[in-house]
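What you see below is based on every heavy atom in this structure, not just the backbone, and it leaves out hydrogens, waters and symmetry mates. Note that the structure is a prediction, hence the values are computed from the model and not measured.
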Protein chains: 2
Amino acid sequence: MFFVDEFEPCCVLTTPLDETEAEALAHQLKALADPVRLRIVSMVATSGTGDVCACDFPTILDRSQPTISHHLRQLVTAGILQREQRGKWAWFSLVPGALGGVRAALGEGAERSPADA
Amino acid sequence: MFFVDEFEPCCVLTTPLDETEAEALAHQLKALADPVRLRIVSMVATSGTGDVCACDFPTILDRSQPTISHHLRQLVTAGILQREQRGKWAWFSLVPGALGGVRAALGEGAERSPADA
DNA sequence: AAAACATATTGACATATTTCGATGCGTATG
DNA sequence: CATACGCATCGAAATATGTCAATATGTTTT
């Protein structure tokens, strides 16, 4: 009722975001708002094991290894992906609940306003 | 005008996005991934009537009138907001279902992958 | 039709982003 | 321990983005 949860103080549909809240959410959305990064997240989310080796991305996504590394870092920094070193390979998996948190911030579970039919 | 695609063919959690799908979703997310635009959407979504006059934004958001106009155009182009002229004022409201579509593309309703607890 | 007002567009600038080649750093293997 | 391999970082280039002042466009009122 009074506290939705620890660090999702409100959502777009319940109360007008203040500048700080808007910046935090914008940071997460920005991390997702790129075709290469979306495909990385999607590959990780749909992999049978839940994780993908960084070594797979350059070929499949047709980007250089430094470019992939750059995108992976953004996703990790934003709290979307987590990194695990296995031997000389880096494997990436979804941070549990991260995507759900973004969806919640966009109003999942909140009741619709008059115009959001 | 713009398109509100009826075809949300899949989501990030069900099948790896191809380049075209990723670009379409990235475009919508990019429209939301800015603090000023998030606050605009939030103000519209939480306004009692469901719409807000463009004239209110420059003062509240502390941005020039052209800057606000620029952000409003991006939100309309992305299919998040719709515009209605009333006399000499422009009023903006949520496109019904638009935010829900973004949430759905991010996996709302889809079953979680092994790592998405 | 002229004046007044709300919004859009243009032009310009500073910053951010995406990308890659070259290089550096760790880890494993011969 | 030297080499190869995977990934990160650096430096640089092209493009995109956020912003505002000036100006244009459109609507209402006088």
Side-chain angles (χ1 to χ4, degrees), chain A residues 17 19-20 22-44 47 51-78 80-93, chain B residues 1-2 17 19-20 22-44 47 51-78 80-93:
Chain A
L17 298 175
E19 188 149 4
T20 303
E23 276 168 7
L25 179 52
H27 183 249
Q28 292 235 99
L29 289 171
K30 236 175 210 183
L32 293 171
D34 176 90
V36 172
R37 292 196 291 273
L38 277 176
R39 295 186 70 191
I40 289 174
V41 169
S42 185
M43 285 176 63
V44 171
S47 88
D51 48 19
V52 176
C53 177
C55 59
D56 290 334
F57 293 123
T59 300
I60 296 178
L61 300 179
D62 194 32
R63 293 295 188 285
S64 71
Q65 177 270 320
T67 296
I68 294 296
S69 181
H70 162 76
H71 286 305
L72 287 169
R73 193 157 67 102
Q74 290 203 55
L75 287 167
V76 170
T77 298
I80 309 286
L81 293 188
Q82 56 198 170
R83 191 199 130 112
E84 186 198 344
Q85 187 85 24
R86 287 187 209 158
K88 50 183 172 180
W89 294 275
W91 289 73
F92 291 84
S93 57
Chain B
M1 295 305 141
F2 52 83
L17 298 176
E19 188 148 4
T20 303
E23 276 168 6
L25 180 52
H27 184 248
Q28 294 237 104
L29 288 171
K30 237 175 210 182
L32 292 171
D34 175 90
V36 173
R37 291 195 291 271
L38 277 176
R39 295 186 70 193
I40 288 174
V41 169
S42 186
M43 286 176 63
V44 171
S47 88
D51 48 19
V52 176
C53 177
C55 58
D56 290 334
F57 294 123
T59 300
I60 297 178
L61 300 179
D62 194 31
R63 292 296 187 288
S64 70
Q65 177 269 319
T67 295
I68 294 296
S69 181
H70 163 74
H71 287 305
L72 287 169
R73 193 159 60 107
Q74 291 203 55
L75 288 167
V76 170
T77 297
I80 308 288
L81 294 188
Q82 57 197 172
R83 193 199 128 113
E84 185 197 344
Q85 187 86 25
R86 287 187 208 158
K88 49 183 172 179
W89 293 276
W91 289 74
F92 291 83
S93 57

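The two residues A:Trp89 and A:Cys55 make their nearest non-hydrogen contact at CD1-SG, 3.9 Å. Taking all atoms of both residues into account, the shortest heavy-atom contact from B:Ala31 to B:Leu75 is O-CD2, 3.6 Å. Minimum interatomic distance between B:Val44 and B:Ser93 (heavy atoms only, all atoms of both residues): CG1-CA, 3.6 Å. The two residues B:Val41 and B:Leu32 come nearest to each other via the heavy atoms CG2-CD2, 4.1 Å.
Here the CG-CD1 distance, from B:Leu29 to B:Ile80, works out to 8.5 Å after rounding to the nearest 0.5 Å. Distance check: B:Asp51 CG to B:Met43 CE gives 11.5 Å after rounding to the nearest 0.5 Å.
Among residues two or more places apart in sequence or in another chain, the side chain to side chain contact (heavy atoms under 4.5 Å, CB included) test is passed with B:Ala22 by A:Pro35, A:Leu38, A:Arg39, B:Leu17. Evaluation of the side-chain hydrogen bond (donor to acceptor under 3.5 Å, both in side chains) rule for B:Asp34 yields no partner, not counting sequence neighbours. In terms of the side chain to side chain contact (heavy atoms under 4.5 Å, CB included) criterion, residue partners of A:Thr67 (sequence neighbours excluded) are, by chain and number, A:Arg63, A:Ser64, A:His71.
Contact annotation for B:His70: base contact, defined as any heavy-atom pair under 4.0 Å involving a base atom. Here B:Arg86 lies out of heavy-atom contact (under 4.0 Å) with every strand.
Along DNA chain C, the nucleotide closest to A:Ile68 and the one closest to B:Cys55 are compared, and the more 5′ of them pairs with B:Cys55. Nearer the 5' end of DNA chain C, as judged by each residue's closest nucleotide, is the contact made by A:Thr67, out of A:Thr67 and A:Lys88. Nearer to the 5' terminus of DNA chain D, by closest-nucleotide assignment, is the contact made by A:Ser69 (compared with the other of A:Ser69 and A:Lys30).
Looking at B:Leu72 and B:Phe57, their side chains come closer than 4.5 Å, going by heavy atoms from C-beta outward.
In the helix from C:dA1-D:dT30 to C:dG30-D:dC1, the end axes, each obtained as the rotation axis mapping the C1' atoms of four pairs onto the next four within a five-pair block, lie 20° apart to the nearest 10 degrees.
With a cutoff of under 4.0 Å to any heavy atom of chain A, the contacted region of DNA chain C is bounded 5' to 3' by C:dT17 to C:dA28. Along DNA chain D, read 5' to 3', the first and last nucleotides having any atom under 4.0 Å from a heavy atom of chain A are D:dC5 to D:dT9.
No donor-acceptor contact under 3.5 angstrom links the side chains of B:His27 and B:Glu23, judged on distance only.
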